[in-house]
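First listed ligand is number 1; within each ligand, the first listed atom is number 1.
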Amino acid sequence: MERRKFLGWVGVGVMASSLPVVIAACSGADETAADDQSTDAQATGESTSVAADSTVREDGFQSFGTIEELDEKVTILDKEAGVLVLRNPENKQISAVNPKCPHQGCIVKWDAEEKYLDCPCHGSKFDAAGGLLEGPATEDLSIYEVKEEDDLVLVKLS
Ligand code: FES
């Protein structure tokens, strides 16, 4: 075998044998990111929940949890869908907002003591329906149409 051909085959062999290591390293990174998110949510005490049946119905609404769950937790956050459902403990009104702060995109959280949505990054505040109370944000949170049906909380995202 010529020297050049031999070296070519050795190169292919080295690349093929290192491929599983590269794949394992990449999949480990994804698991780490998922673990970080989970740990992050636990550390901040956010209520994370994905509805058991989150398929979009013919009328465009999809379930994000139950009234019972909302009464218990006050908020249901689905970061992936970009929805925060909230039941105002004072008047029992249900609202659904995009939890991304319009200032720079941080995720707002319900402050149970002060009774407003608070942005942890720069302190913007929003009422339970997403209305701007205090900046630096200059806009309300985006809101979604929401309704309850039987015990389900239904939100229309588009
Ligand atoms: Fe919310 Fe800056 S990102 S106040």
Side-chain angles (χ1 to χ4, degrees), residues 19-158:
L19 189 60
V21 174
V22 170
I23 290 171
C26 291
S27 66
D30 289 343
E31 287 169 16
T32 304
D35 288 348
D36 287 350
Q37 275 185 333
S38 172
T39 305
D40 197 28
Q42 289 166 354
T44 57
E46 293 173 2
S47 57
T48 54
S49 173
V50 177
D53 180 16
S54 59
T55 53
V56 181
R57 303 183 340 177
E58 275 185 26
D59 61 3
F61 283 91
Q62 67 188 96
S63 170
F64 282 91
T66 64
I67 299 296
E68 189 180 339
E69 199 178 348
L70 258 188
D71 281 341
E72 192 179 305
K73 300 177 181 175
V74 181
T75 62
I76 297 173
L77 175 65
D78 186 330
K79 280 187 183 174
E80 197 173 303
V83 176
L84 175 74
V85 182
L86 168 82
R87 186 164 206 188
N88 187 331
E90 291 179 337
N91 62 14
K92 300 295 180 194
Q93 287 276 324
I94 298 175
S95 53
V97 300
N98 182 335
K100 273 192 174 179
C101 177
H103 180 232
Q104 288 181 8
C106 293
I107 302 297
V108 299
K109 290 190 300 188
W110 177 249
D111 184 322
E113 236 174 70
E114 301 295 332
K115 300 196 177 11
Y116 54 63
L117 290 163
D118 183 40
C119 180
C121 291
H122 311 106
S124 288
K125 296 172 179 35
F126 305 88
D127 65 26
L132 179 66
L133 296 173
E134 191 178 314
T138 57
E139 302 169 36
D140 297 341
L141 296 172
S142 300
I143 57 170
Y144 300 115
E145 192 176 342
V146 63
K147 66 180 181 179
E148 54 182 287
E149 198 173 280
D150 300 325
D151 188 41
L152 292 176
V153 178
L154 300 171
V155 178
K156 193 174 192 175
L157 296 181
S158 52

Between Glu148 and Ile94, is any pair of side-chain heavy atoms under 4.5 Å apart?
-> yes
Which residue supplies the protein heavy atom nearest to atom 3 (S) of ligand 1, what is that atom called, and how far is it?
-> Gln104 N, 3.2 Å
Just wondering, are more than 12 heavy atoms of other shown residues or ligands nearer than 6.0 Å to CD1 in Ile143?
-> no
So which heavy atom in the protein is nearest atom 4 (S) of ligand 1, and how far is it from that ligand atom?
-> Ser124 OG, 3.1 Å
Should we count NZ of Lys125 as having more than 12 external heavy atoms under 6.0 Å?
-> yes
With a 2.5 Å cut-off on the SG atoms, do Cys121 and Cys101 make it?
-> no
Tyr144 six-ring face occupied by Lys156 cation (under 6.0 Å, within 45°) | no
Shortest-distance N/O/S atom, His122 versus atom 2 (Fe) of ligand 1 = ND1
Check all N, O or S atoms of His103 and name the one closest to atom 2 (Fe) of ligand 1.
-> ND1
Three-point angle Cys101:SG, atom 1 (Fe) of ligand 1, Cys119:SG, rounded to the nearest 10° = 110°
